[in-house]
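Whatever order the structure lists ligands and atoms in, that order sets their numbers, starting from 1. On a predicted model such as this, the values are computed, not experimentally measured, just so you know. Position 1 is the first residue of the sequence, and the numbers go up from there.
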Amino acid sequence: MVLRADAGWWRDAVVYQVYPRAFADSTGDGVGDLRGVRSRLPHLADLGVDAVWLSPFYPSALADGGYDVDDYCAVDPQLGTLADIDGIIADAHDLGLRVIVDIVPNHSSDRHAWFRAALATAPGSAERARYVFRDGRGARGELPPNEWKSLFGGSAWHPVGDGQWYLHLFAPEQPDFDWSNPEVRQMFHDVLRFWADRGVDGFRVDVAHGLAKDLSDPLASATALSMGPVGTMDATPTERRTDGTDPLFDRDEVHEIFAGWRCVLDEYDPPRSAVAEAWVPPHRRALYARPTELGQAFEFALLEAEWDVTAFAEAIRENLALAASVGSSSTWVLSNHDVVRHATRYGLPTGTDTAAWLLTDGRDPVEDRVRGLRRARAATMLILALPGSTYLYQGEELGLAEVADLPRHTLQDPIWQRSAASRKGRDGARVPMPWTVDGPHFGFSPETRDAASPLPQPAWFGDQSVAAQSGTPGSTLELYETALATRRARMDRGATCLVTVEGPLLVVDRTDGTRSVTNFSDRPAPLRFPGEVLLASTHRELDAATIPPETTVWLAAERSDAAIE
Ligand code: NOJ
């Protein structure tokens with residue numbers, strides 16, 4: 001397949017997130033790498049996605065899974081070379097896939113050349129002015145400048161031994177840039193151009209809401225950061241201000257930064273796309289998605305929603321309306337590398353605190369895997385029927401559950417250490433992909449080498465591997481493939497939809513004549529809609545009069561003029 005020359009490709013794209021170190025290992029060292037990714041691109045083409053998003057592959061000491069970047073224009077030697085990236089871009093384009101890379105602008109790693117230079121120079125130097133250094137309190141600066149807490153636990157300040165401290169909203173190995181410094185702005189424009197020149201089609205922007213800060217704010221010292229309910233980066237608990245004046249997050253000035261990025265992205269033909277990771281309230285999120293800024297922003301309400309028809313309907317309606325209000329397109333996400341996989345979330349009793357559940361190694365409460373997977377399949381079909389882009393996370397096409405019982409000594413996430421072992425963090429969603437039924441690494445690493453992945457795969461991964469599910473009727477992989485093919489064939493780009501709730505049913509009526517019905521109840525419900533059943537998330541053959549429990553069906557309905565205003 002050849003890439004369509006199409007400036008708006010991202011508006012309704014299905015994007016597959018690859019976490020490179022856990023996707024495919026070509027060398028046998030137990031760490032996924034770029035040649036591994038390249039070798040598996042046909043899997044993504046067969047799946048039928050439109051684009052691949054690569055989580056960071058930059059040189060990194062892995063203090064935060066690669067989101068601690070040493071050099072934004074290089075590849076970690078353990079993962080490959082720039083030539084390997086070029087190979088991925090070329091092969092992906094030949095297969096009809098776009099490539100999105102992750103840009104991490106809030107912080108570098110403490111091994112970045114700029115940060116090393118900052119440490120090597122005295123307080124007040126131009127080198128320190130690229131980061132957020134402040135004098136400590138106390139007679140000798142022995143106390144942190146204020147009481148801010150890192151999102152990963154502990155103080156957000158780290159002392160450098162000369163009375164100054166630097167800010168790190170995440171791990172101490174991730175010093176925050178000072179975005180009021182024009183040098184920082186220029187550097188990131190150059191980074192965007194570096195990757196766009198190589199043929200990258202778009203960017204995922206990490207912690208987009210964090211760049212602008214006001215350290216003079218008198219409320220700053222009283223403001224704490226916290227993690228969100230599903231282990232997310234939620235920086236908007238109730239104590240934060242949501243009007244653009246919070247000292248740390250979602251300040252109004254951030255939009256001027258992204259207006260500058262848009263100018264760079266628009267230097268290219270077609271313009272490069274961007275999607276913001278911004279944990280902000282919905283009415284603020286749309287600002288990042290304006291065409292004059294990044295163009296799109298992740299919608300996380302569904303990541304946080306329980307399995308509940310009203311919660312889903314409200315989140316969907318709000319997201320559609322907000323995206324339309326700024327001329328963007330909606331985004332839909334159920335899983336990513338930061339949250340407990342959705343097949344597991346939906347298998348836990350309503351209201352389960354997933355962080356506490358992980359601490360029990362997934363024993364209490366007991367996960368209902370069958371129910372979780374049934375609901376996950378239904379939820380995925382639901383979001384695929386919505387206008388806009390869908391972001392899938394590696395392994396969800398296999399229906400993978402969270403690996404909740406990783407041995408504690410294997411945990412890599414800084415959250416584990418920095419929370420003094422009171423939160424396990426995100427490793428359970430980052431266990432290497434199973435490609436084959438057998439073998440010591442289920443096809444993740446070459447069998448000939450004794451590779452040991454840092455995060456061991458559980459025995460049950462084999463039965464859920466790509467090989468086990470390929471061509472297997474009723475498998476989750478087959479469902480994803482069929483759903484994506486049906487979406488491509490039946491769902492028009494630019495269609496709008498009407499979302500209604502009828503008892504336990506969430507009904508999406510698209511203007512292209514496709515109707516999606518999701519039964520959120522654990523009982524069958526009458527299916528009172530005419531039309532041919534195109535696909536169902538639970539059964540291959542469906543009696544068109546009944547919708548099974550926790551199931552989505554797609555129907556070929558009449559074309560309608562229903563539309564979201
Ligand atoms: C969001 C990323 O998704 C997460 O993995 C990372 O830890 C933080 N940003 C900090 O970069």
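Side-chain contact, N146 with W157: a donor N or O sits under 3.5 Å from an acceptor N or O.
Close approach of ligand 1 to D64 (heavy-atom distance below 4.0 Å) involves ligand atoms 6 (C), 7 (O), 8 (C), 10 (C), 11 (O). Against a heavy-atom cut-off of under 4.0 Å, H107 is close to the following atoms of ligand 1: 10 (C), 11 (O). In summary, the atoms of ligand 1 found under 4.0 Å from a heavy atom of V207, numbered by their order in the structure, are 9 (N). Listed by number with element, the atoms of ligand 1 under 4.0 angstrom from any heavy atom of F152 are 7 (O). Each of the following atoms of ligand 1 lies closer than 4.0 Å to a heavy atom of R426: 4 (C), 5 (O), 6 (C), 7 (O).
Note on ring orientation: taking the six-membered ring where Trp is involved, the planes of W435 and H43 are perpendicular (angle over 60°, cut-offs 30° and 60°). Using cut-offs of 30° and 60° on the angle between ring planes, the pair W261 and W179 is tilted. Between F115 and F133, the two ring planes are parallel [angle under 30°; tilted spans 30° to 60°].
Exactly one of K424, R423, R426 qualifies for a side-chain hydrogen bond (donor to acceptor under 3.5 Å, both in side chains) with D413. That residue is R426.
Taking all atoms of both residues into account, the shortest heavy-atom contact from S329 to R11 is OG-O, 2.9 Å.
For atom 8 (C) of ligand 1, the choice among F170, Y19, F298, W279 with the nearest heavy atom turns out to be F170.
Contact between R430 and ligand 1 is present, with at least one heavy atom of the residue lying under 4.0 Å from the ligand.
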